[in-house]
> 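First, the structure itself, so that you have it in front of you.
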There are 2 protein chains.
Amino acid sequence: METLPDKTVERLSQYRRSLNNQLAKGKEHIFSHEIANLLHITSVQVRRDIMLIGYSGTLRKGYDIKELVDLIGKILDTDEGQKIAVVGMGNIGKAFIHYLYEKRSKLKVVAAFDVNPEKIDKSYADVYCYHLDKLKDIIAKENIKIGIITTPPQVAPEISDKLVDAGIKGILNYTPKPLSVPEGVYLEEYDMITSLEKVAYFVKKK
Amino acid sequence: METLPDKTVERLSQYRRSLNNQLAKGKEHIFSHEIANLLHITSVQVRRDIMLIGYSGTLRKGYDIKELVDLIGKILDTDEGQKIAVVGMGNIGKAFIHYLYEKRSKLKVVAAFDVNPEKIDKSYADVYCYHLDKLKDIIAKENIKIGIITTPPQVAPEISDKLVDAGIKGILNYTPKPLSVPEGVYLEEYDMITSLEKVAYFVKKK
DNA sequence: AAAATATTGTTATTTTTTTAACAATAAGTT
DNA sequence: AACTTATTGTTAAAAAAATAACAATATTTT
């Protein structure tokens, strides 16, 4: 399939979560406007996204939730699952580990790294924390392809380089320090303070 | 001034941070392409954003960093500063508090709320944590206008309603549970897992 | 003094994303 | 059996965002 638009990929992730909730409640079919209501978006958007992934519902029952969830899984997941490394065992690093722990997901955090002796050589939610020096070895050995950077911003570029050097193909950068990565590595950056300043701006404006 | 585009607001927040770093290094003027390099975007985008906020540089020196920072401050900040409440004293809540602590910013977390007795009636980074029952009183008394929701997702809608009822005008929702708020309240939603699934999808695609 | 250069500010174009419009149609209703 | 209704799937249009193009011009070089 063609690569899907960015925003559609984001929504697919959200559709899946909501649909799984509905499945858990015993619901088997759902209309586009019901999905839309759950996520507070429009039904047109839902139908368009579903069209883009090539799924069809029926006119009177809408979409088969199970089938749709499975299809989204085929699109977002890989069969073997994807392994993740978290670099930086602070609040955010822990939040990611905690979040993915127990959640039945194809995404698994399989290693964490830090330099603080108090955090190293311990497990948090079944994830073992290694010294940063071991990064390349562990990532190679475990064949990890995705890294999350949750370190202090100053060291983020250095961590990014190490991850790329170790063979990582996707980075989620949670520090406010912008990174650059070579062609072939996907980079997603997110800045908590920017989100907050945005809210503050629009509050001020009203 | 007209309300700025969403994305421009986000970038202004990032320009300011980078520009402050440059100021700290003793740099006084900067060219659009230098800002662009710092943030890994294009210089056209930088110039366009700066045009939108009505600032002008000079042809040979570029932009006066101090002036630009001050102007961005005028746009993003309010003179009195803005007070923030954090609801949910878990990893993410702590991360926000910690982040804004010590950072010289007009945004101040002035209260946190939780229901866990172990967290209540203590301070974390100078922010006092109250029982959720006190939310309305404290928000009214302190005249807080911005709330961050970092609770478990199930309770997010209830918290959101309470915040709105207490007079909050902007909400940053960090739970994966989509919220809806009345007209006049600005809502920004962010989902950590969606970010990660997006990275995973594009890694898979490559 | 003329030419070359580097940079801004702004308009035009392209791309991406969202929203609207509507034909097709399955199921229920008269 | 014809009519109504509710919904999908898809094309068309609009809106938002990013990128390109380029005129204007201050400074430096020749």
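Note on naming: letters A, B, ... go to the chains in the order of the sequence lines (proteins, then strands), and numbering restarts at 1 for each one.
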> Give me the distances for all protein-to-nucleotides 7-9 of chain D N/O pairs that come in under 3.5 Å?
{"residue": "D:dT8", "atom": "OP1", "partner": "A:Ser32", "partner atom": "N", "Å": "2.9"}
{"residue": "D:dT8", "atom": "OP2", "partner": "A:Ser32", "partner atom": "OG", "Å": "2.6"}
{"residue": "D:dG9", "atom": "OP1", "partner": "A:Ser56", "partner atom": "OG", "Å": "3.2"}
{"residue": "D:dG9", "atom": "OP1", "partner": "A:Gly57", "partner atom": "N", "Å": "2.6"}
{"residue": "D:dG9", "atom": "OP1", "partner": "A:Gly57", "partner atom": "O", "Å": "3.4"}
{"residue": "D:dG9", "atom": "OP2", "partner": "A:Tyr63", "partner atom": "OH", "Å": "3.0"}
{"residue": "D:dG9", "atom": "N7", "partner": "A:Arg47", "partner atom": "NE", "Å": "3.0"}
{"residue": "D:dG9", "atom": "O6", "partner": "A:Arg47", "partner atom": "NH2", "Å": "3.1"}

> Between A:Thr150 and A:Gly88, what is the shortest heavy-atom contact and its length?
OG1-O, 2.6 Å
> Can B:Tyr101 and B:Val109 be said to form a side-chain contact (heavy atoms from CB on, under 4.5 Å), step by step?
CA-CA 8 Å; B:Tyr101 179 70; B:Val109 179; over 6 Å; no
> Show each protein N/O and nucleotides 14-19 of chain C N/O combination with a separation under 3.5 Å, one pair to a line.
{"residue": "C:dT18", "atom": "OP1", "partner": "A:Arg11", "partner atom": "NH1", "Å": "3.3"}
{"residue": "C:dT18", "atom": "OP2", "partner": "A:Arg11", "partner atom": "NH1", "Å": "2.9"}
{"residue": "C:dT18", "atom": "OP2", "partner": "A:Arg11", "partner atom": "NH2", "Å": "3.0"}
{"residue": "C:dT18", "atom": "OP2", "partner": "A:Gln45", "partner atom": "NE2", "Å": "3.3"}
{"residue": "C:dT19", "atom": "O4", "partner": "A:Arg48", "partner atom": "NE", "Å": "3.1"}

> Is there a side-chain contact between A:Glu197 and B:Leu107, using heavy atoms and a 4.5 Å cut-off?
yes
> Using 30° and 60° as the class limits, which term best fits the ring planes of A:Phe202 and B:Tyr186: parallel, tilted or perpendicular?
parallel
> A side-chain contact here means heavy atoms from C-beta on lying under 4.5 Å apart; do A:Leu38 and A:Tyr15 qualify?
no
> Using the rule given for salt bridge (charged side-chain N to carboxylate O under 4.0 Å, His left out), can you reason through B:Lys74 versus B:Asp70, listing the C-alpha separation, both sets of side-chain angles and the distance that settles it, and then say yes or no?
CA-CA 6 Å; B:Lys74 278 222 180 70; B:Asp70 286 348; over 6 Å; no
> Would a 4.5 Å heavy-atom cut-off, applied to side chains only, mark B:Ile50 and B:Ser32 as touching?
no
> Can you tell me how far P of D:dA17 sits from CG of B:Leu52, to the nearest Å?
11 Å
> Rounded to whole Å, how long is the line connecting atom NE2 of B:His29 with atom C1' of C:dT7?
14 Å
> Could you tell me which residues satisfy ring-ring contact (aromatic ring centres under 6.0 Å, His included) with B:Tyr128, sequence neighbours excluded, listed by chain and number?
B:Tyr130
